[in-house]
Participant: 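Quick one: structure below, then a few questions.
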Protein chains: 2
Amino acid sequence: MAGIKDVAEAAGVSVATVSRALSGRGNVSASALAAVQQAAAELGYVVSSSASGLASGRTRNIGVLVPVINHWFYASVLEGICTALMREGYDTTLYQLSKDPKQRDRVFSDFLQRQRVDAVIAINVELSEDELVALHALNKPLVGVGGPLPKVPTLHVDDEAVSALATEHLISLGHSRIGFIGGSLETDVDFQVPSHRRIGYERALAQAGIEVDPALIVGADFTMAQGYEVAKQLLGNPATRPTAVFAVSDEMAIGAILAARDLGLSVPQDLSVVGVDDHELAALFSLTTIQQLPHEQGEMAVGMLMRAIRGQEPAMAHQVEHRLIVRGSTTRPPL
Amino acid sequence: MAGIKDVAEAAGVSVATVSRALSGRGNVSASALAAVQQAAAELGYVVSSSASGLASGRTRNIGVLVPVINHWFYASVLEGICTALMREGYDTTLYQLSKDPKQRDRVFSDFLQRQRVDAVIAINVELSEDELVALHALNKPLVGVGGPLPKVPTLHVDDEAVSALATEHLISLGHSRIGFIGGSLETDVDFQVPSHRRIGYERALAQAGIEVDPALIVGADFTMAQGYEVAKQLLGNPATRPTAVFAVSDEMAIGAILAARDLGLSVPQDLSVVGVDDHELAALFSLTTIQQLPHEQGEMAVGMLMRAIRGQEPAMAHQVEHRLIVRGSTTRPPL
DNA sequence: ATGAAAGCGCTAACAT
DNA sequence: ATGTTAGCGCTTTCAT
């Protein structure tokens, strides 16, 4: 392993100059820069992250907190983060926060305390008061994606507006009996998001002068399987069946489409369905949805962090765009 | 930030003893151990990874190479790895290998050279000759999960046996016209796996004395959408339609089920379908499948790596279990 | 079993 | 613009 000394020797300069040339901090003449770069390339020199980190306090590594990985939203955000960080020359270190309190504890008391990361991105994690305190005590730039964290600048769609838009789309088509498949209370994975989305739905109904019917509101855990289950209950009784369903995730919306099919209902003739996400499966099911772009959210989060790290500006909360994508799952209500 | 000196002082011992006590290397008396542990706990002392890494050469961090994150198999393996590593006190650093050659290059020439990781796990990545050389040149423990890498001990299911089992299941039900939805040649994401799976399919047919019909063999990219597309072609012509389909991933199998439905075919009455994976959606579609457990594969990979790191044994290639899970998508062929 | 001290490979303050 | 050098916070050898 070539070290900085070897490069200095080969380039005929001091180690300080090599350090300056390679890190871009401090003044280096063009000739020295060139000599250093060539020597480094020839020797295959790469700075040791431990040594550099110890001396400078900067690790070029970002910690990412996620509740789960194996889920479209989280995995998409993570990909965006990873791609953007790599472009900046940063590593991505992953900390999965399970429900196990001991394991969670260790993340905050050990893993994040090791000085391995320069900053932290939290993807839609719900933290206890203590955990939040611990996170802030790190005294490092912090950015959230998804569920808003108290005192943490967060990137997220306007959940109320998303729901209102979806609901308004159905109302504008002539629907008035609109079912709502929201999150369930136990699902802390998407904390806060569920309630905001429900508020948007009710607001849109209210604005259209439609009364909220509690019988049309059900909850599920954001998965296709549970979406299917609750939709079957919601749609099973022909007397009370809604003419449209708004599900707060595409996976649940697809579950509802499958349930409708199994009940002999055609989508969209007998039932219109709208989801949220623009999941990769949405097109296959011709699902009308409100698009959010998690990959882009991940990249934006990195952008915010980089600016904060460079001290250019403190990160600030930020709403990201959403838009209605109309596909084949919505139409006018049956006569 | 409390440092090792503070702990030493508080515990009334030298820094060397603190280091030994906390790392479990070298002899420490029970009394010194207790004093150190208490002092460390009181001060909230956590070793600095940079300082420890620089001095010892060990980082307590593992690099994970993945081609994509947002995919059931990869995300599941990653979760398993992350969980298991955390249990061992290790961090997980993620390197996504895109198709962009410059970006890939940087992973091998920069990111992995920074001495930030003690070992590397590669999940189903296909590497060029140069990349393999670079990886081995790290001189660190290496383990693969999924697609076998030359000279890298790898954990994977026996793809031929998986396919043979799925095909034999259909044959035993009485099917002889069995369609095959395999991988496509361009799909390097799952390199090698596709061809092994096809071999197993053909072997099972041959053993049953059934001739391979090339018209029944199609390829897709492992996604539900493409599975749907190719299945429609395969099933569209009633004259040549198979009575069963074996798809080498559950997502493609589900795509085939959806295609069958849209063609007015009932599963399993008109068409039996078998997949591979035991994807989280398999149960919802009542899909018969060959289960592989990627989460467990991730955990096992960590186990192998830990043993290699501790010098207990060199990691060795290893086949992981698979088993047939019979659900409702397979039955006897129509009369 | 313990302590003193020499690095680990780099960065940054200081001097020139 | 460049070099000299003192750490960064720990581990480990060596001595005891």
Side-chain angles (χ1 to χ4, degrees), chain A residues 1-37 39-40 43-61 89 91 110 113-118 309 311, chain B residues 1-37 39-40 43-61 89 91 110 113-118 139 309-311:
Chain A
M1 283 266 63
I4 198 173
K5 271 189 191 164
D6 303 309
V7 178
E9 218 162 287
V13 297
S14 72
V15 292
T17 299
V18 174
S19 177
R20 284 188 281 250
L22 261 25
S23 69
R25 320 180 141 247
N27 296 327
V28 180
S29 67
S31 63
L33 178 61
V36 167
Q37 285 176 332
L43 294 168
Y45 170 76
V46 175
V47 62
S48 149
S49 61
S50 298
S52 172
L54 180 57
S56 71
R58 285 171 265 108
T59 64
R60 296 184 80 74
N61 185 29
D91 287 342
D110 283 10
Q113 303 291 335
R114 289 183 187 164
Q115 309 281 68
R116 202 197 283 291
V117 301
D118 289 340
I309 287 176
Chain B
M1 282 267 64
I4 198 172
K5 270 188 191 163
D6 304 309
V7 178
E9 220 162 283
V13 296
S14 70
V15 293
T17 299
V18 174
S19 176
R20 283 188 282 249
L22 261 25
S23 68
R25 320 181 142 249
N27 295 326
V28 180
S29 68
S31 63
L33 178 61
V36 167
Q37 285 175 333
L43 295 168
Y45 170 77
V46 176
V47 62
S48 148
S49 61
S50 298
S52 172
L54 179 57
S56 71
R58 283 171 266 108
T59 64
R60 295 183 80 74
N61 184 30
D91 287 342
D110 283 10
Q113 303 292 335
R114 290 183 186 164
Q115 310 280 67
R116 201 197 283 290
V117 301
D118 289 341
N139 230 325
I309 286 175
R310 296 187 186 118

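No experiment lies behind these values; they were computed from the predicted model shown. Chain naming here is simple, since letters A, B, ... match the order of the sequence lines and numbering starts at 1 in each.
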Participant: Starting at atom CZ of B/Arg20, determine the distance to atom C1' of D/dT13, rounded to an integer number of angstrom.
Facilitator: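 My rounded result for the distance is 10 Å.
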Participant: Please pick, from D/dT5, C/dA5, C/dT2, the nucleotide with the shortest atom-to-atom distance to any side-chain atom of B/Ala16.
Facilitator: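 Closest nucleotide to the B/Ala16 side chain: C/dA5.
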Participant: Nearest to the side chain of B/Leu54 - C/dA13, C/dT2, C/dG9?
Facilitator: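 Nearest to the side chain of B/Leu54 among the choices is C/dG9.
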Participant: Could you tell me the separation between the CD atom of B/Gln115 and the C1' atom of D/dT11, rounded to a whole number of Å?
Facilitator: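 From B/Gln115 CD to D/dT11 C1': 16 Å.
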Participant: Between C/dT11 and A/Ser23, is there an OP1 or OP2 to side-chain N/O distance shorter than 4.0 Å?
Facilitator: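 So the side chain of A/Ser23 is outside the cut-off, no N or O lying under 4.0 Å from OP1 or OP2 of C/dT11.
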Participant: Can you tell me the distance, in whole Å, between the NZ atom of B/Lys5 and the P atom of C/dA5?
Facilitator: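 Between P of C/dA5 and NZ of B/Lys5: 13 Å.
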Participant: Report the C-alpha distance between B/Val18 and B/Val13 in whole Å, list the side-chain angles of each, state the deciding distance to 0.1 Å, and finish with yes or no for side-chain contact (heavy atoms from CB on, under 4.5 Å).
Facilitator: CA-CA 7 Å; B/Val18 174; B/Val13 296; 3.7 Å; yes
Participant: How do B/Asn27 and B/Ser56 order along DNA chain C: which one's closest nucleotide is nearer the 5' end?
Facilitator: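 Looking at the nearest nucleotide for each, B/Asn27 comes out on the 5' side.
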Participant: Using a heavy-atom cut-off of 4.0 Å across all strands, would you classify B/Ser19 as base, sugar-phosphate, or nothing?
Facilitator: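 Base contact.
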Participant: Between C/dC10 atom C1' and A/Met1 atom CE, what is the distance in whole Å?
Facilitator: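 It is 14 Å, rounded to the nearest whole Å.
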Participant: Closest approach to the side chain of A/Ala55, judged atom by atom: which nucleotide of C/dC10, D/dG3, C/dT2 is it?
Facilitator: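 Selected nucleotide: C/dC10.
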Participant: Looking at B/Ser29, does any N or O in its side chain come under 4.0 Å of the phosphate oxygens OP1/OP2 on C/dT2?
Facilitator: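 Checking C/dT2 against B/Ser29, a side-chain N or O does come within under 4.0 Å of OP1 or OP2.
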Participant: Short question: side chain of B/Thr59, backbone of B/Gly53 - any donor-acceptor pair under 3.5 Å?
Facilitator: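 No: the side chain of B/Thr59 does not pair with the backbone of B/Gly53.
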Participant: Taking only N and O in the side chain of B/Ser48, is any of them less than 4.0 Å away from OP1 or OP2 of D/dG9?
Facilitator: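 Indeed not, no polar side-chain atom of B/Ser48 lies that close.
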Participant: Any side-chain N or O of A/Thr17 less than 4.0 Å from the OP1 or OP2 oxygen of D/dG3?
Facilitator: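 For A/Thr17, the contact criterion (side-chain N or O under 4.0 Å from OP1 or OP2 of D/dG3) is met.
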Participant: Ignoring hydrogens and angles, tell me if any N or O in the side chain of A/Asn61 forms a donor-acceptor pair with the backbone of A/Val117 under 3.5 Å.
Facilitator: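 It does not hold such a pair.
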Participant: What is the distance from atom CG of B/Asn27 to atom CG of B/Leu33, rounded to the nearest 0.5 Å?
Facilitator: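 It is 11.5 Å, given to the nearest 0.5 Å.
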Participant: At 4.0 Å (heavy atoms only), tell me whether A/Arg58 reaches a base, stays on the sugar-phosphate, or touches nothing.
Facilitator: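 Sugar-phosphate: the residue A/Arg58, judged by heavy atoms under 4.0 Å, touches backbone atoms but no base.
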Participant: With distance as the sole criterion, is a donor-acceptor pair present between the side chains of A/Ser50 and A/Ser48 under 3.5 Å?
Facilitator: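 No - no donor-acceptor pair under 3.5 Å links their side chains.
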Participant: Without decimals, in angstroms, what is the distance between A/Leu43 CG and C/dC10 P?
Facilitator: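 Roughly 12 Å, once rounded to whole Å.
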Participant: Both A/Ala51 and A/Leu33 contact DNA chain D. Which one's nearest nucleotide lies toward the 5' end?
Facilitator: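 By nearest-heavy-atom nucleotide position, the 5'-most residue is A/Leu33.
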Participant: D/dG3 C1' sits how many Å from A/Glu9 CD, rounded?
Facilitator: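 Taking atom C1' of D/dG3 as the reference, CD of A/Glu9 is at 15 Å.
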Participant: Quickly work out the A/Leu22 CG to C/dA12 P distance and round it to whole Å.
Facilitator: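 Distance check: A/Leu22 CG to C/dA12 P gives 13 Å.
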Participant: Hey, does the side chain of A/Ser52 come within less than 4.0 Å of C/dT11's phosphate (OP1/OP2), counting only N and O?
Facilitator: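 The answer is yes; a side-chain N or O of A/Ser52 sits under 4.0 Å from OP1 or OP2.
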Participant: How long is the line joining CD of B/Gln113 and C1' of C/dG9, in whole Å?
Facilitator: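 Interatomic distance, CD of B/Gln113 to C1' of C/dG9: 16 Å.
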